Amino acid sequence: MPQKTLEGSLSAAGLKFALVVGRFNSFITDRLLAGALDALNRSGAADDNIEIVRVPGAWELPVIARALALQKRHDALICLGAVIRGDTPHFDYVAGESASGLARVAAETGMPVAFGVLTTNSVEQAVDRAGAKSGNKGFEAAMTAIEMANLLRKLQLGA
Ligand code: INI
């Protein structure tokens, strides 16, 4: 018998998304948001099915992602932020708790949560990953959200 492989498609038609975006380092997160919206639009998502939620910073992403996940109004969440290392250990707390908090929301609620939070050592590294040399991590996060929403739907339909 041939192997059975399950994968999510990359069509966003008919799917609902929330983008949760940190305002801190908005010169970067605005670019991540633009990349994510580009991915959703080019994959067939309807504007009416896209909601943008702004939060102060990456630290605040998990609590709002959790509230949205519990509402079950979306097929996937796309969380965007930019944590840039400074001279103090603050970076480690914000980046670490944002990442582990979002992972916990996804695991505990079953809602796909794409992690589009940059954690970089410099502004230059962040710029590179927000639409310059190294692509746009917001675009990649949105594509991941689309794939995961479709894969989960397939599994729930008994694939
Ligand atoms: N929030 C970020 O999203 N990125 C950062 O680089 C950052 N730094 O460096 O401080 C940051 N801090 C704010 C944090 O997310 C909270 O909004 C704040 O601590 C209030 O809870």
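Remember, it's 1-based here, ligands and their atoms both numbered in the order they're listed. The figures that follow rest on heavy atoms only: side chains count, while hydrogens, waters and symmetry mates do not. Here the structure is a predicted model, which means the values were calculated and not measured.
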Write 'none' if nothing qualifies; otherwise put on separate lines each N/O atom of ligand 1 with a protein N/O atom under 3.5 Å away and their distance to 0.1 Å.
unit_1   : atom_1 : unit_2 : atom_2 : d
ligand 1 : 3 (O)  : A58    : N      : 2.8
ligand 1 : 4 (N)  : A82    : O      : 2.7
ligand 1 : 6 (O)  : N25    : ND2    : 3.3
ligand 1 : 6 (O)  : I84    : N      : 3.1
ligand 1 : 10 (O) : H90    : NE2    : 3.2
ligand 1 : 15 (O) : A58    : N      : 3.3
ligand 1 : 15 (O) : W59    : N      : 3.2
ligand 1 : 17 (O) : E60    : OE1    : 2.6
ligand 1 : 17 (O) : E60    : OE2    : 3.4
ligand 1 : 21 (O) : E60    : OE2    : 2.5

TODO: Compare every heavy atom of T109 with every heavy atom of A69, then report the nearest pair and how far apart it is.
DONE: CB-OG1, 3.6 Å
Open item on the list: Any heavy-atom pair between the side chains of V21 and L32 that's under 4.5 Å?
Closed with: no
- [ ] Could you tell me whether the side chain of E51 reaches within less than 4.5 Å of the side chain of H74, counting heavy atoms only?
- [x] yes
Task: Closest contact, heavy atoms only, F17 versus A12 - done: CE1-CB, 4.0 Å
Open item on the list: Grouping I, L, V, M, F, W and Y whenever their side-chain heavy atoms are under 4.5 Å apart, do L102 and F91 come out in a common cluster?
Closed with: yes
TODO: With rounding to the nearest 0.5 Å, note down the distance linking CG in L68 to CG in L19.
DONE: 10.5 Å
